[in-house]
Amino acid sequence: MTTLQLTAPAVRPRVLARTGLYAVLGVNVAVVTAFFLQAGLGDNTLVMLGRLAGLYGALLMAFQLVLVARLPWFDRRIGMDRLTSWHRFTGITLLWLLVTHAVFIVFGYTLYSSLGPVDQLVHLATTIEGVLRAVVALVLIIVVGGVSARFARRRLAYETWHFIHLYTYLAVLLAFSHQVAVGTTFTSSPAATAYWWGLWAFALGSVAVGRLVLPLWRNLRHRLRVAAVVPESDEVVSIYVTGRDLDRLPARAGQFFLWRFLVRGRWWQANPFSLSAAPDGRTLRLTAKALGDGSAGLRNIRPGTRVFVEGPYGAFTAMHRTRPNTLLIAGGVGITPVRALLEELDGHTVLIYRVNEAQDAVLLDELRALAHGKGAVLHVVTGPAVPDRLAPEALAQLVPDLRDRDVFVCGPPGMTGAVMRSLRALRVPKPQIHAERFSLAA
């Protein structure tokens, strides 16, 4: 059993990482603006504003790459769900900046020619090097933005959406080549040229390291294989994975991996599953319910199967604790990362496990044994969703001192949202509330 001693940092890890990102972005906005002014202002206001929008778009495009690079330092402190949310927001901003760039440039040039906007765009694309590449990049970004809208995303299979989203990288390369070819600010001074080359090298390098080099290196180092497949119930299965030097894999209770089981028909599927037991340096365990195509076939995996993983990911860990004692709230199969946290945490812990019926409770015997061994309190709350059995009054009755505890919440979106509203109604301080949606950033 692994326990951690709580040492409250002077600055919370999430605040430090978020403030650092904002500060870096702010500094870069100032630098880009300075280089724009240094390059000189022309007498065509529309063209000047279009160029500035394009520069800010290029900066935001590089920032987008860093957000989805899955760099471990940021992921452990901010969490993939928040990074993905920021990526979505900055993506919308990026789209409008690039549209503004194109529209202002085209209409700015029409002021000094006899061509209409469409003919002017065609003329620029066919006579100036790099403009056609920019047009293609913009079209690709508009398409990716369209299929990423919620109404479209819900109608697409994840694999289809992911494949289309990969065209963003082609758009990035085309946009960069456009900037090199015609960007006056890019070549206005040696300092500007060095800055832009350095920015793009860092952004693209972050993606290469976080999403390619690091996963390949870790898998070559640890050589993961399935050790055992254990049915927990008719619908739930646990898979034990072993490998080399697992004590050097920087995984924490509460985190998740993207798992690929290298067998025919499954090797291309990457499914996010949380660790359902705290890492012990010898094995990793995931526990999944047969809900979709990805998890339904897990019970057919055979021992000895090679495993390729990406991760660990997630900020749903004890790193973010601010109080000695803890309240864990789980719903359904969301119990898996919570069960791992229960194993790792020290201090007094209360666990509330919300299920429709008692037979739906996953890993219940383990939870009872862990709670008994650690002196924790376990409440299994059963019943239909209405009335809300985790309403503010119910929570306060179950855990009278919950304002003095860190609260970790994991479960279906509806339950998680309801619990978060209850915690706010009970005035639990925001820094003490920890919840993470286990989602993927393409």
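Note that these values count all heavy atoms, side chains included, but never hydrogens, waters or copies made by symmetry.
- Interatomic distance, R76 CZ to H320 NE2, rounded to the nearest 0.5 Å: 10.5 Å.
- Y56 and T33 share a side-chain donor-acceptor pair at under 3.5 Å.
- Remark: L363 CG to L342 CG distance equals 11.5 Å, nearest 0.5 Å.
- With rounding to the nearest 0.5 Å, the separation of CG in L199 from CG in L59 is 6.0 Å.
- Between Y195 and F35, the ring centre distance stays below 6.0 Å.
- Each of R323, H434, R321 was checked for a side-chain hydrogen bond (donor to acceptor under 3.5 Å, both in side chains) with D406, and the lone residue meeting it is H434.
- Side chain to side chain, S113 and Q120 meet the donor-acceptor criterion of an N or O pair below 3.5 Å.
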Stepwise side chain to side chain donor-acceptor pair (under 3.5 Å) test for S189 and Q38: CA-CA 9 Å; S189 69; Q38 181 190 57; 3.2 Å; yes

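- Enclosure of atom OH in Y167 is not indicated, since only 12 or fewer non-hydrogen atoms of other residues, nucleotides or ligands lie within 6.0 angstrom.
- Taking the six-membered ring where tryptophan is involved, the planes of W200 and F176 are tilted, since the angle between them lies from 30° to 60°.
- Rounding to the nearest 0.5 angstrom, the gap separating the CG atom in L173 from the NE2 atom in H178 is 14.5 Å.
- In summary, the aromatic rings of F273 and F257 are positioned with their centroids too far apart to meet the 6.0 Å limit.
- No side-chain heavy atom of V307 sits under 4.5 Å from any side-chain heavy atom of R225.
- Atoms OG1 and CG, from T93 and L97 in turn, are 7.0 Å apart once rounded to the nearest 0.5 Å.
- The aromatic rings of W259 and F261 sit parallel to each other, their planes meeting at less than 30°, with 60° as the upper class boundary.
- Among residues two or more places apart in sequence or in another chain, the side chain to side chain contact (heavy atoms under 4.5 Å, CB included) test is passed with D360 by V355, N356, E357.
- Ring centers of W197 and F202: at least 6.0 Å apart, outside the cut-off.
- A donor atom on one side chain and an acceptor atom on the other are not found under 3.5 Å apart for S276 and T336.
- From R354, atom CZ reaches atom CD1 of I352 across 11.0 Å, with rounding to the nearest 0.5 Å.
- Side-chain atoms of R405 and Q432, non-hydrogen and from C-beta on, never get closer than 4.5 Å to each other.
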